[in-house]
Amino acid sequence: MIEQYEIIIASDLEHDKVFAEIYYHNKLLAAVSQEEGLDRLKLEFPGPDLVESMVTREVYVEEFFWLLNKAARKLAGEA
């Protein structure tokens, strides 16, 4: 459906469990955290401390929903 996207499963010191980073056209769009469980996923957007050229702040709604669903399924081990 969407041509230029990537979902990366990652972990770091700020998160107790793994999370999914969503990249759109090679720029960070959002992260989906499963710290509170797969039934309470939390969406995190890039903060102002990141270099603006490394993030995107616009995406079509239909594509955004598709990407979120894909990230959730990947965290659950279904994709």
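The first residue in the sequence is number 1, and the count goes up from there.
In this structure the side chain of Ile22 never reaches within 4.5 angstrom of the side chain of Leu28, judged on heavy atoms. Contact check for Phe19 versus Ile8: no side-chain heavy atoms found under the 4.5 Å cut-off. Side-chain atoms of Trp66 and Leu68, non-hydrogen and from C-beta on, never get closer than 4.5 Å to each other.
At distances below 3.5 Å, not a single donor-acceptor pair connects side-chain atoms of Arg57 with backbone N or O atoms of Glu52.
With salt bridges taken as basic N to acidic carboxylate O contacts below 4.0 Å, none links Glu35 and Lys42.
At a threshold of 4.5 Å between side-chain heavy atoms, the hydrophobic network of Ile, Leu, Val, Met, Phe, Trp and Tyr places Met54 and Tyr23 in two separate groups.
Of the inter-residue distances, the one linking Leu38 atom CG with Arg73 atom CZ reads 13.5 Å to the nearest 0.5 angstrom. For the atom pair Glu78 CD and Lys70 NZ, the distance stands at 11.0 Å (nearest 0.5 Å).
Leu75 and Val32 get closest at one heavy-atom pair: CD1-O, 3.6 Å. Heavy-atom minimum distance, Ala71 versus Ala20: CB-CB, 4.0 Å. Nearest heavy atoms, Asp39 versus Glu36: OD1-O, 4.0 Å.
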Step by step, work out the side-chain contact (heavy atoms from CB on, under 4.5 Å) result for Glu21 and Ile7.
CA-CA 6 Å; Glu21 290 184 331; Ile7 297 173; over 6 Å; no
Quick one: do Leu29 and Phe45 satisfy side-chain contact (heavy atoms from CB on, under 4.5 Å)? Show the steps, please.
CA-CA 7 Å; Leu29 174 64; Phe45 294 101; 5.6 Å; no
Under the side-chain contact (heavy atoms from CB on, under 4.5 Å) criterion, do Val18 and Gln34 qualify, and how do the steps go?
CA-CA 7 Å; Val18 297; Gln34 65 168 336; 2.7 Å; yes
Full working for side-chain contact (heavy atoms from CB on, under 4.5 Å) between Glu63 and Tyr5:
CA-CA 10 Å; Glu63 292 177 353; Tyr5 78 91; over 6 Å; no
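Using a 3.5 Å distance cut-off with no hydrogens or angles, the side chains of Tyr24 and Glu58 do not pair a donor with an acceptor.
Looking at Thr56, Val51, Val55 one by one, the single match for side-chain contact (heavy atoms from CB on, under 4.5 Å) with Ser53 turns out to be Val51.
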